[in-house]
Structure formats: C-alpha cells, structure tokens
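Below is one structure, written out as structure tokens; comments come after it.
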Protein chains: 2
Amino acid sequence: MVENNPLETPQKGDSKKASKKEAKKAKKTERKSQAEASVDEDVSVGKYGNFSLIQSNSQAPKREFHDVAKIDKALVGTNVWVRGRLHTARARGKQCFIVLRQQEFTIQALVNVCETVSKMMVKFSSNISKESIVDVEAMVSEVGGTGVAGCTQRYIELVVSQIWVVSVAASQLPLQIEDASRPEKQEDADSLNIRVNQDTRLDNRVLDLRTPANQAIFRIEAGVCRLFRDVLTKKGFVEIHTPKIIPAASEGGANVFTVSYFKGSAYLAQSPQLYKQMAIAADFGKVFTIGAVFRAEDSNTHRHLTEFTGLDLEMAFHYHYHEVMLTIGDMFNAIFKGLRDEFATEIDIVGNQFLVEPFTFLDPPLVLQYNDGRAMLAEAGVEIGPEDDLSTPAEKLLGRLVKAKYDTDFYILDKYPLAVRPFYTMPDPENKTLSNSYDMFMRGEEVTSGAQRIHDPELLTERAKHHGIELEKIAAYIDSFRYGCSPHAGGGIGLERVVMLYLGLDNIRKTSMFPRDPKLILVLKILV
Amino acid sequence: MVENNPLETPQKGDSKKASKKEAKKAKKTERKSQAEASVDEDVSVGKYGNFSLIQSNSQAPKREFHDVAKIDKALVGTNVWVRGRLHTARARGKQCFIVLRQQEFTIQALVNVCETVSKMMVKFSSNISKESIVDVEAMVSEVGGTGVAGCTQRYIELVVSQIWVVSVAASQLPLQIEDASRPEKQEDADSLNIRVNQDTRLDNRVLDLRTPANQAIFRIEAGVCRLFRDVLTKKGFVEIHTPKIIPAASEGGANVFTVSYFKGSAYLAQSPQLYKQMAIAADFGKVFTIGAVFRAEDSNTHRHLTEFTGLDLEMAFHYHYHEVMLTIGDMFNAIFKGLRDEFATEIDIVGNQFLVEPFTFLDPPLVLQYNDGRAMLAEAGVEIGPEDDLSTPAEKLLGRLVKAKYDTDFYILDKYPLAVRPFYTMPDPENKTLSNSYDMFMRGEEVTSGAQRIHDPELLTERAKHHGIELEKIAAYIDSFRYGCSPHAGGGIGLERVVMLYLGLDNIRKTSMFPRDPKLILVLKILV
C-alpha cells in the first residue's frame with residue numbers, strides 16, 4: 001500500500017523533510033510506538049495514519065471522491081473514498097463510531113476490528129481530534145431498523161478500510177460545533193445545555209461558520225443575490241460598479257468614514273445612489289449594483305452594521321414612478337418565491353436551530369399609503385404627525401397590524417412626507433407635504449428605501465438650498481442633469497437585513513459572514 | 001389634444017406651479033408667442049411643446065412605448081410612441097430631419113409640414129437642443145433605395161405627428177457625442193477630425209458614457225461578471241461577501257489606504273484573499289466574491305487604478321492545486337466563449353470606434369512553465385534570473401512570443417519562483433526555489449495571480465518569519481488554520497483589465513465607469 005500512497009508519512013511531522021530511505025526508517029519506529037506491541041501484529045500497516053502535508057506532489061494520487069450528501073443506496077456494496085471532517089469519534093470495545101461531516105451533511109463511519117483492520121487502527125481512529133479533515137476508504141453499507149440517529153444519512157453508513165488524517169485540528173477547540181449548533185428556539189429557553197454566545201462565535205468565526213445553520217444561511221444569502229440579479233437581468237437591467245472612494249459625503253456630512261488619499265483625503269460611499277443616477281443620465285436605462293456600503297453610525301443594535309452589502313437599483317420610467325416601485329415589489333416577490341422553491345432544505349436546516357416562522361407574502365405585493373399606515377397606528381393608539389417619520393417601534397407595530405389585517409410579512413409603504421426624505425426626492429405634484437418615495441418592510445423592519453429622484457437641475461438646486469446644502473459641494477451632481485435626463489426612481493436594499501428578516505433571525509451578525517460594527521476591537525481582532 | 005395630455009404645458013417653466021385655470025390662460029399666451037402669427041394658423045397646437053416636469057402626476061398617460069432597436073417592418077403603417085434622445089436635428093425647407101437615439105441604436109424621424117403639421121411645429125423641432133429627451137408619436141414608414149446613412153435603423157423611419165420635450169439639454173454641450181464617438185483607429189491617426197481627449201471625457205463622464213462604444217463596453221463588462229458567476233455557480237461555488245474595512249494590511253503594510261474608524265483607525269482591503277481562505281477553513285468548499293479592491297499605489301499608468309473590481313475565487317482541492325488552476329482556466333474559456341457568442345453586436349460596436357483585434361484562445365488553455373517562459377525570453381535575448389519576477393516589458397514580450405508560437409491571446413504561466421510570491425504561497429515540494437503559483441495573461445498583460453496557499457499553521461509561521469512579518473499581526477490569520485483546513489488554492493482577477501484586454505483597448509479608464517486614480521483632483525472633481 002505504501003508505494004501506492006505517496007502522501008503517506010508517519011505521524012512525526014519532521015520526518016517529511018527526510019529522504020525516502022530515512023522516511024521508511026522513521027515510519028517503522030513510529031509504527032512500533034503506535035502499536036505499543038509487535039509491529040507484525042498490525043495487519044493495517046499502510047492503511048491509516050497522518051498524511052504528510054498536501055503540497056501538490058507530482059506523484060499525487062488521482063482518486064474519485066464521493067459527496068456525503070450524494071451517497072445513496074445504489075452505492076451499497078461498493079468501495080468509495082470520502083474526504084470529510086471528523087465530527088465525532090467514539091470508541092466502544094473493538095469498534096470506533098465516527099461521524100463524518102461535509103458542510104451540513106453527516107454520515108456514520110465504522111472502524112471495526114477484523115481480518116484487515118487492527119486494534120491499533122481502531123485506536124488511532126478514536127484518537128483523531130474533532131474537526132480534523134480525514135480521507136476515508138470504505139464500503140457503503142445499508143443500516144436497518146430505525147437507522148443512525150443524528151446523521152443526515154440515516155440508512156447508509158460507511159465501513160472503513162483506510163483512514164488518513166489530511167489536516168489535524170488542535171485537540172482543544174475554543175467552541176464545540178455541537179454546542180454552536182444546538183437549537184436556540186424559545187421553547188428551549190430553560191434548557192440546561194451549553195450555549196455559545198454571539199461574541200464567542202464571532203471571535204471564532206471559522207469554527208462557528210461550520211454549523212449546519214450557518215452553512216445554510218450563507219447559501220441562502222448567495223441565493224438572494226443570484227435571484228436579485230437574475231430577475232433584473234431578465235428585465236433588461238445592466239450591472240454596474242460604482243466607486244467606494246468618493247470626494248464628498250453622499251448623504252449629508254454625518255456618519256461618513258474618512259480615508260487618507262495620497263496627500264489629501266476622501267470618504268467612503270454611504271450609498272451608490274448618485275452614481276446609479278449618473279448611469280441613468282448616461283442612458284443605461286435600468287441599472288443595478290451589488291457592493292459594500294459604509295455607515296459610520298455608532299449604533300450597536302441588532303440590525304446595524306458599519307459595513308454591509310447593498311443591492312441597489314435605479315430605473316428610468318415614462319410617466320409615473322410606480323412603474324419602478326412595482327418593479328422592485330415584483331423583484332422581491334420573485335426572490336421570496338425563489339427562496340421558497342429552491343432553498344427549502346436550507347430553510348429547514350436553519351429552522352432546526354432557530355425559531356423560523358414561515359415568511360408570508362401577497363402576490364402582487366400590498367401597497368399601503370403612508371397616511372393610511374398612520375391611520376392604522378392612530379387606531380392602535382400611536383399618533384404620528386403628518387410630517388413625521390415612523391420610529392422603529394412604530395414601524396414594528398405597523399408590521400404587526402398589517403400582518404394581522406392582510407396576512408403578509410412584506411409590504412410597501414408609499415408617499416412618505418417630503419420633510420423626512422433627502423433633498424433629491426421628487427415632491428408629490430398634488431400634495432406639497434408628500435413625496436414620491438416609498439419604503440419596503442419585511443416583518444415590520446425596513447429593508448428598502450427608495451424614491452423618484454429629481455432629474456431637473458433647477459428644482460434640484462431649489463431643494464438643495466431648502467435643505468441648507470452647500471451648492472458647490474454638489475455642483476457636479478447637479479450638472480449631471482443638465483444634458484437631458486429621463487425621469488427615474490430606484491432604491492437600495494440591505495442584503496443582510498433581507499436574509500435576517502426572511503428567516504426571522506434576531507441579529508444581523510448572523511447574516512454577515514464577517515460582521516463589522518463599531519466595537520472595533522472585538523470584531524476586528526479576529527480578522528486579519 | 002390638451003385634455004388628453006395632462007403633462008402638456010407651455011414652454012415657460014413657472015406656469016407649472018399655477019392652477020389649472022391659470023395654466024390654460026398661460027398656455028394661450030404662450031401659443032401666441034410661439035406662433036409669431038395668428039394662433040389660428042397653427043394646426044399643430046397641442047401636438048408639440050415642452051412637457052412640464054414629469055413628477056408622476058396621478059393623471060399621467062398610460063402609453064405603450066417602442067424600443068428603437070425593436071422597430072421592424074411588421075410595424076410599417078402603424079402609429080407608435082418612442083422616447084429617445086434627440087441626437088441631431090436639421091431643418092431643410094419644410095422638413096426637419098431628426099435622428100433619435102436610444103443607447104447605441106438610432107432611427108431617423110421626419111417632421112414634414114402637412115395638413116396636420118405646421119411650420120411652427122417643424123421650427124420648434126429643429127430648435128430642440130441636442131441630447132434633449134423627447135417623446136415622439138409617429139407613423140412607422142419604410143425607406144427605399146440605399147436607406148438612411150448613419151442610422152442603425154437603415155430601412156425604417158418615423159413620420160412624426162407629435163413631439164414633446166421631456167427633459168431639455170443645455171444648448172452648449174462640453175463635448176459632442178459625435179466627436180466622442182469618432183473612430184480612433186490607427187489608420188485614422190492623421191485625420192483632421194475633432195477628437196475628445198481622455199481628461200475631457202472623464203470630466204464629462206455622463207455625456208461620454210452615451211457613445212455607442214461606451215454603451216457596448218459596459219454591457220460587455222456586465223456580461224463578464226454574469227458569465228464568471230454563472231460558470232462558478234454551476235460548479236458548486238458559493239458567493240460570499242468579504243469586508244473592505246480591515247484591521248491590518250492584507251499584503252504587507254505598503255500601498256494601503258487608512259480609514260478613520262470611530263476613535264481608532266483601520267485599513268481598506270487590498271484583496272479579499274484572507275477572508276476567502278477563512279471561508280474555505282469554514283467548510284464552504286468553493287467560494288467566489290465580486291467587490292471593490294483598493295490599492296494605494298501612486299501609479300499613473302494605462303493599467304492601474306486605485307480602486308477596481310475584483311473577481312476572486314478560492315477552492316478546496318484533494319491532492320493537487322492544478323485542480324484549481326485548471327478550473328480557473330476553464331472559467332476564463334467559458335467567459336471568452338460567452339462573450340464571443342452573446343456579445344458579438346457589442347464587440348462590433350466597440351470595433352467601429354477602436355481598433356479591436358479579435359481575441360484568440362485555445363481550448364483547453366495553454367499552460368506554460370515559468371522556466372520555459374524564461375527560456376523563450378532568453379532565446380529572444382532577454383535574460384530573467386531563475387529567482388526573479390518578470391518585468392512588465394518582459395511579460396509583454398513573452399505574450400508576443402506565445403502568440404506567435406501558439407496563436408493564443410490567453411495563457412497560464414505556472415510555477416513562479418518562491419522568492420517573488422507572498423509568504424502564504426505553498427512552496428513546490430520538489431524544487432525549493434519554485435512555488436505552487438501561477439499568473440494568467442491576456443494579450444501579454446497579467447489579469448490573474450493565484451496560488452496554492454499554505455494551510456498548515458506551522459509552515460505558515462515559518463514562512464512568515466522568513467519574510468520578516470511580525471507574527472502577532474497575523475496571529476488571527478494563522479489561527480484560522482489550527483482547526484483543520486482543506487488544502488486550497490485560488491486567484492484574483494481584475495475585471496477592468498479583463499475587459500480592456502479582451503477588447504484590446506489602450507487604457508483601463510475606458511473600462512471603469514467612474515475610474516479612480518491618484519490624480520485625485522481631476523478624477524474626483526466630477527464625481528459627487
């Protein structure tokens with residue numbers, strides 16, 4: 001076997017530097033100590049051990065590997081190679097029960113003392129540290145009765161003939177995957193089981209991300225991006241890329257990060273909006289962009305990040321901004337349908353750990369007038385002034401009222417007061433206090449803010465003055481509309497919020513792979 | 001007509017604020033002055049003029065609009081509405097010849113004095129400023145003979161019955177679209193025609209981007225991103241998002257932008273690589289990410305930007321990094337095929353302005369050894385030391401030699417000297433001076449750099465020490481590999497370079513919609 005396996009090497013790491021001859025000698029010594037008895041007794045020599053570092057040797061074996069998720073009864077009786085993590089290993093007499101894990105999928109692997117498997121091999125197997133990556137050669141075998149509890153492959157197991165450690169994990173883990181995967185549903189609130197708190201998770205994100213729920217969450221997040229793009233591309237949108245380094249704050253001067261830029265300084269974009277608008281003025285018609293968005297807000301809440309992923313779109317329309325607002329609404333519905341139809345497994349897996357209420361939506365989406373929303377709140381005892389914005393608690397309450405009345409977790413609130421929107425928002429032509437703007441909500445929290453933008457340089461100048469904005473700072477922006485520009489509207493969507501609220505999770509750090517918040521030291525210390 | 005067209009209003013902008021009654025009065029006055037004669041003579045009243053600002057009036061008309069590109073002979077004899085830019089207008093006697101433009105597509109529109117079209121309407125049409133956006137109602141009509149020269153719709157024109165200005169362009173344009181669209185091929189080098197230089201273009205990017213070539217270039221760029229994602233998604237890659245704000249320089253300490261981060265400071269990521277690797281250590285297996293990448297290099301060259309779009313990928317492999325290298329090579333070929341098959345029209349349009357040599361590639365891609373590349377250069381009289389990197393001129397020369405010998409504009413150069421690669425690059429197991437790393441080239445310029453990364457914490461520590469890197473600064477990075485990690489490799493691709501080199505353009509500013517370079521003032525002053 002040794003000749004067929006150029007990666008094989010004894011456990012002692014330094015022998016990998018030795019010549020072949022020395023390596024063989026070292027191997028023998030090692031085996032002896034492993035076996036703690038006569039070498040001759042180990043019938044499994046050359047069938048287990050630690051691989052030397054996989055360094056892309058020219059003699060590297062060419063093996064077919066099987067995915068844990070795809071092993072099925074058709075393979076019963078055949079020999080397969082599987083690379084996976086050793087999730088757990090438990091010795092019991094002459095057997096070692098291993099659970100092999102690949103992402104969210106698990107299968108049981110059995111190392112049984114037999115004619116070709118020695119006690120030493122079983123002992124070696126049971127001593128492999130959790131989270132190590134192993135290559136296993138095994139016979140696929142059927143399991144009768146109620147099957148293997150706790151594995152995603154319930155009625156199939158692997159009977160191991162070779163086991164090699166590809167990458168060894170430290171024996172002390174800062175958190176246990178089992179603990180980090182434990183259900184956190186409300187009904188378990190008084191459970192005595194070990195939980196892993198958010199800070200420990202973030203400090204050890206590489207381990208935390210290995211839980212089935214996290215594997216599923218970030219696949220769902222990738223799905224949201226894909227659906228967003230596919231829907232819009234089919235509608236004729238063009239993807240663009242907008243700069244993150246900008247010469248002036250894009251939304252007022254507050255909450256902006258400063259960058260040193262050679263001998264001067266610049267800022268990090270709080271939104272790609274002005275560039276999307278320039279793309280419209282430049283005739284791209286319908287554009288979208290996905291990219292980092294920065295907010296220097298010192299908000300340590302469950303739903304704020306200092307850096308998040310923005311899904312932004314902007315679209316020219318003919319006569320009414322509802323052409324755009326309904327396009328965005330339809331796009332959301334297409335995402336919800338896509339998640340429901342393509343990610344049912346992942347949604348279930350997240351539901352195994354967290355309390356996930358199914359997400360409901362109407363087709364077409366519900367559009368409420370801002371003033372009707374105010375009326376619903378007033379009826380529930382919460383008064384909002386006609387030119388005031390909704391507070392976060394008011395938004396949440398309205399979400400519950402809408403859900404009770406219309407049975408939808410998604411809706412659009414149209415016609416916000418002009419006073420609470422940015423200077424470039426188009427005023428309503430028929431009611432001076434209102435504007436052609438909208439927010440969209442999931443489970444009562446805002447995920448999108450959008451509006452018709454002013455495409456007329458004179459009105460834009462007038463509105464900027466009204467807001468007390470220094471005109472010279474935005475001269476280039478206003479100039480973009482001096483050479484003819486289609487009426488247009490758009491919106492920006494926070495990706496991490498959409499995933500959090502679709503799944504009903506309680507913290508945006510659960511849907512950001514490497515979250516950034518104002519607690520610099522905590523969040524950054526783990527991340528090079 | 002007036003009653004059917006609530007958007008209609010006289011040219012005087014201030015009348016839009018007046019009540020309906022006042023508006024009607026104002027309209028009458030206006031018409032009088034427009035006609036410069038008796039109102040009764042203008043048979044076209046209510047069929048031309050300036051729309052009031054499109055502010056999403058509740059009475060907004062619901063009209064079907066036709067795309068210029070899609071108008072065909074089947075529509076001859078029917079009445080259509082088209083919204084487009086007035087590209088040019090030229091009066092000749094009782095006629096006005098208009099060219100309407102939508103992105104890269106153009107059609108002739110004729111305003112003829114007749115029973116229903118007055119002289120005043122023709123005069124109004126010929127006075128509309130270039131680049132204004134107009135709504136036109138017209139009869140689709142066939143053109144005989146050799147057709148309309150200079151329009152993409154050669155054998156169809158529009159006979160106008162209504163023309164309304166939706167958004168007026170300033171009468172003085174800082175650059176003419178025709179000048180900015182003029183062929184710049186080498187054979188025209190001594191032409192006397194007006195050219196628009198790069199700085200003027202960037203200072204007026206919103207106009208410059210309207211040229212057919214720019215409309216095509218950025219559609220091709222969107223295509224590259226889509227093809228990249230689609231190919232990788234089909235292969236099981238998961239899209240991730242990595243933070244741009246990082247606590248320490250990701251590639252040494254040079255060329256990094258500093259950000260003020262609340263009371264401390266942070267940096268802008270020069271590469272998502274370390275996060276991609278963490279995603280691998282976290283079991284995502286195969287990941288890609290598209291996002292902004294920052295380089296504080298004071299290089300004012302044709303191919304450097306301070307901010308560009310990175311297409312990055314990282315992939316676990318079984319025994320040899322060539323599994324990954326060839327996946328990247330195949331991905332490039334899929335992009336080249338996709339561009340060739342899906343973007344032939346756009347490539348032609350770019351070729352109308354710029355000298356575009358068709359891009360050649362081999363399937364599967366050519367893989368050359370670094371040392372064989374050195375030998376080819378030596379034969380051509382250029383000596384590169386065995387542990388030296390290729391200079392930019394050497395890369396270009398090698399590109400020409402490879403093209404001459406193998407007839408390909410794309411190739412992979414494998415096995416770079418260890419000395420010229422970053423500390424985390426896996427050394428070659430059989431030759432101490434080499435490494436498991438590769439670059440990929442298009443037309444002799446580097447578009448991708450990649451390698452097998454060291455996944456073993458001890459070797460990584462040793463190599464970091466060798467490079468003189470302070471271990472405490474990268475402790476978190478090294479720790480990511482302490483809990484078991486698959487061998488993996490990957491690479492990063494510069495989007496703007498790929499598009500520039502695929503098309504054979506001479507400057508990366510041509511393929512970045514809003515380019516960022518060290519000349520802060522010039523580049524930033526146009527961009528809010």
Side-chain angles (χ1 to χ4, degrees), chain A residues 53-57 60 103 131-133 167 169-170 206-207 209-210 219 222 225 238-241 243-245 247 257-262 264 274-275 278 281-283 292 307 309 319-321 426 429 436 452 456 474 476-477 480 482-487 513-514 516 518 520 524 526 528, chain B residues 53-57 60 103 131-133 167 169-170 206-207 209-210 219 222 225 238-241 243-245 247 257-262 264 274-275 278 281-283 292 307 309 319-321 426 429 436 452 456 474 476-477 480 482-487 513-514 516 518 520 524 526 528:
Chain A
L53 183 65
I54 293 184
Q55 212 171 339
S56 305
N57 193 301
Q103 287 98 39
E131 294 301 302
S132 294
I133 292 176
S167 174
V206 160
L207 279 167
L209 287 171
R210 293 180 192 167
R219 282 175 169 76
C225 285
V238 179
E239 181 176 13
I240 62 169
H241 301 280
K244 309 306 168 213
I245 297 178
F257 289 115
T258 309
V259 187
S260 62
Y261 195 81
F262 301 101
L274 309 185
Y275 294 98
M278 284 195 245
D283 284 352
E307 179 181 345
T309 306
Y319 296 122
H320 205 291
Y321 75 96
M426 185 63 87
N436 293 348
Q452 179 180 354
D456 175 75
I474 56 164
Y477 173 59
S480 304
R482 295 202 190 279
Y483 310 115
C485 182
S486 295
M513 193 172 264
F514 303 105
R516 291 290 180 257
L520 186 79
L524 295 187
I526 58 150
V528 177
Chain B
L53 184 65
I54 293 184
Q55 213 171 339
S56 306
N57 194 301
Q103 287 97 40
E131 295 300 302
S132 294
I133 292 176
S167 174
V206 160
L207 279 167
L209 287 171
R210 294 180 191 166
R219 282 175 168 76
C225 287
V238 179
E239 181 177 13
I240 62 169
H241 301 280
K244 309 307 168 212
I245 297 177
F257 289 114
T258 309
V259 187
S260 61
Y261 196 82
F262 301 101
L274 310 183
Y275 295 97
M278 286 195 243
D283 283 351
E307 178 181 346
T309 305
Y319 295 123
H320 205 291
Y321 74 97
M426 184 64 88
N436 294 347
Q452 178 180 355
D456 176 75
I474 57 164
Y477 174 58
S480 304
R482 295 202 190 281
Y483 310 115
C485 182
S486 295
M513 193 172 264
F514 303 105
R516 291 290 180 257
L520 186 79
L524 295 186
I526 59 150
V528 179

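Numbered from 1 within each chain, the chains take letters A, B, ... in sequence-line order.
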In Å, rounded to the nearest 0.5 Å, how long is the span from OH of A:Tyr483 to CG of B:Leu207?
6.5 Å
Residue among B:Ser132, B:Ala170, B:Cys485 with most heavy-atom pairs under 4.5 Å to chain A
B:Cys485
Apply the test side chain to side chain contact (heavy atoms under 4.5 Å, CB included) to residues B:Tyr321 and B:Met426: give CA-CA distance (whole Å), side-chain angles for both, the deciding distance (0.1 Å), then the verdict.
CA-CA 10 Å; B:Tyr321 74 97; B:Met426 184 64 88; over 6 Å; no
Among B:Arg219, B:Glu131, B:Glu307, which residue has the highest count of heavy-atom pairs closer than 4.5 Å to chain A?
B:Glu307
For the pair B:Phe257 and A:Phe262, name the ring-plane relationship: parallel under 30°, tilted 30 to 60°, perpendicular over 60°.
perpendicular
Would you mind checking which part of A:Gln452 comes under 4.5 Å of any heavy atom in chain B, side chain (CB onward), backbone (N, CA, C, O), both or neither?
side chain
Greatest number of non-hydrogen atom pairs under 4.5 angstrom with chain A, of B:Ile133, B:Val206, B:Leu209, falls to B:Val206
Partner residues of A:Glu239 under the salt bridge (Lys or Arg N to Asp or Glu O under 4.0 Å) criterion, sequence neighbours left out
B:Arg229
Evaluate side chain to side chain contact (heavy atoms under 4.5 Å, CB included) for B:Met513 paired with A:Tyr275, printing each intermediate quantity in order.
CA-CA 9 Å; B:Met513 193 172 264; A:Tyr275 294 98; over 6 Å; no
Part of A:Ser486 lying under 4.5 Å from any heavy atom of chain B:
both
Sort A:Ala292 into side chain, backbone, both or neither according to what part of it lies under 4.5 angstrom from a heavy atom of chain B.
side chain
Which residues pass the side chain to side chain contact (heavy atoms under 4.5 Å, CB included) test with B:Thr258, not counting sequence neighbours?
A:Ser260, B:Ser265, B:Tyr267
Comparing B:Lys244, B:Gln103, B:Arg210 against chain A, the one with the most heavy-atom pairs below 4.5 Å turns out to be B:Arg210
